Chemist: 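Here it is, the structure in full.
Everything numeric in this text was worked out from a predicted model, so none of it was measured. Letters A, B, ... mirror the listed sequences (proteins, then strands); counts begin at 1.
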Protein chains: 2
Amino acid sequence: MSNPEDNPIRKSPVPLEQCGAALAFDIVSDRWTWLILREMFYGVGRFADIQDEIGIPKSVLSGRLSQMIENGLVEKEPYRDGSARTRHAYVLTQKGRELTPVILALMQWGDKHLKDGKRALDITDKRTGTPLKVAIVPEGGALPLRRLTYTPIWDTPENKV
Amino acid sequence: MSNPEDNPIRKSPVPLEQCGAALAFDIVSDRWTWLILREMFYGVGRFADIQDEIGIPKSVLSGRLSQMIENGLVEKEPYRDGSARTRHAYVLTQKGRELTPVILALMQWGDKHLKDGKRALDITDKRTGTPLKVAIVPEGGALPLRRLTYTPIWDTPENKV
DNA sequence: GGCCTGAGTTCTTATGTCAAACCCAGAAGA
DNA sequence: TCTTCTGGGTTTGACATAAGAACTCAGGCC
């Protein structure tokens, strides 16, 4: 939203309470929340696994998860591994999953500007194998999330330096 | 990245330090930073205007701006309004501007899930007037940022309730 | 029953945020 | 020249939250 003159705009054209982005920052804005979302995006959902991988204090994780459940991004789902007891994993709700374009856009940005430009994750169309990315495009034509296939490529030989 | 069985994945396939998203969370990591980015996305760049609109303490704003300058997201640019002195506004660098798809994706998400679904900002192709959005699509075909036109629509009659 | 693993919770200390007071710089006007 | 005003910060102390470590609880197995 550039101003043809050099003078900065004095007030944003959309007030905070009408702006979806500003409202979203109340819910998804701190580093831990993002990191937790990333873990769940990858399918990691056990308390200890999340905690281990991102190195978050347990009390902080517990608090964030509660918040994310309350905000409808995450829910607790029972699962069993073998004969052990019923356990619970944290998984993204549909509402949480719809943050996928945001996470992927941030990933693209980070790959380009904070790394060497190489992506660590290939995203392709499940049906056609076409490589995908996040972009600003004419409305319509976006693939539904269930059509996405993710392929980690970080540990292929080219990526090992 | 769903797991066909019900067992959660134990470890994300891309380690933190290889994941562009995780790296980005170190840089854009708190609510104030996001809110400031949003202001600048809209072209608001004067210290006092940012401070007024998002209600951030001056010391916090000052510190965040310094960080964002250091991280290359923002730079200070001189400008003049009329005959007054040269002043400085904070503007997004190219690196910062390339967070536009992230901000817009978050806005779309927020409009849908935290509001009534109505967007407050129309995005259209400068050349064709085609409505645009953020989506996951085949590579290629994304519009460059300079082709985007933003039109606030929040205060049209339908939006006044 | 005890032991183990996993999922938290609690408490103390460290760090960040916030509000208010303060400072500096440049321009305009008397 | 001096004074006032606007704008852009900086500093300080109180308060809130985060972080680290210790602890508790629950369920299953031997």
Chemist: Would you give a per-nucleotide map of nucleotides 9-20 of chain C, 5' to 3', where B means the base has a protein non-hydrogen atom under 4.0 Å away, S means only the sugar-phosphate does, and - means neither?
Modeler: BB------SSB-

Chemist: Return the value, rounded to whole Å, for the distance between atom CZ of B:R10 and atom C1' of C:dA7.
Modeler: 13 Å

Chemist: Atom CD1 of B:I36 to atom C1' of D:dG9: distance rounded to whole Å?
Modeler: 14 Å

Chemist: State, without any angle test, whether A:E98 and B:H113 hold a side-chain donor-acceptor pair at a distance under 3.5 Å.
Modeler: yes

Chemist: Specify the separation, in whole Å, of atom NZ of B:K76 and atom P of C:dA25.
Modeler: 13 Å

Chemist: Tell me the interatomic distance from B:Q51, atom CD, to D:dG7, atom P, rounded to whole angstroms.
Modeler: 12 Å

Chemist: Check whether any side-chain nitrogen or oxygen of A:Y90 sits under 4.0 Å from OP1 or OP2 of C:dG8, and answer yes or no.
Modeler: yes

Chemist: Under 4.0 Å from OP1 or OP2 of C:dG26: is there any side-chain N or O of B:R87 that close?
Modeler: no

Chemist: Return the value, rounded to whole Å, for the distance between atom CD1 of A:I69 and atom P of C:dA7.
Modeler: 13 Å

Chemist: CG of A:L65 versus C1' of D:dA18: gap in Å, rounded?
Modeler: 16 Å

Chemist: Show, in sequence, the C-alpha distance, side-chain angles and deciding distance for B:K133 and B:I123, and conclude whether the side-chain contact (heavy atoms from CB on, under 4.5 Å) test is met.
Modeler: CA-CA 7 Å; B:K133 65 179 297 192; B:I123 307 157; over 6 Å; no

Chemist: Is it true that B:K11 and A:D52 make a salt bridge, defined as a side-chain N closer than 4.0 Å to a carboxylate O?
Modeler: no

Chemist: Could you tell me how far apart B:R31 (CZ) and D:dA18 (C1') are, to the nearest whole angstrom?
Modeler: 18 Å

Chemist: Are B:Y150 and B:F41 an aromatic pair, judged by ring center distance below 6.0 Å?
Modeler: yes

Chemist: What verdict does the side-chain contact (heavy atoms from CB on, under 4.5 Å) test give for B:T149 and B:R127, after you've listed the backbone C-alpha separation in whole Å, the side-chain angles of each residue and the deciding distance to 0.1 Å?
Modeler: CA-CA 9 Å; B:T149 295; B:R127 284 196 203 155; over 6 Å; no

Chemist: Can you confirm whether the side chains of A:Q94 and A:R97 place a donor and an acceptor under 3.5 Å from each other?
Modeler: yes

Chemist: In whole angstrom, what separates A:Q67's CD from C:dG8's C1'?
Modeler: 16 Å

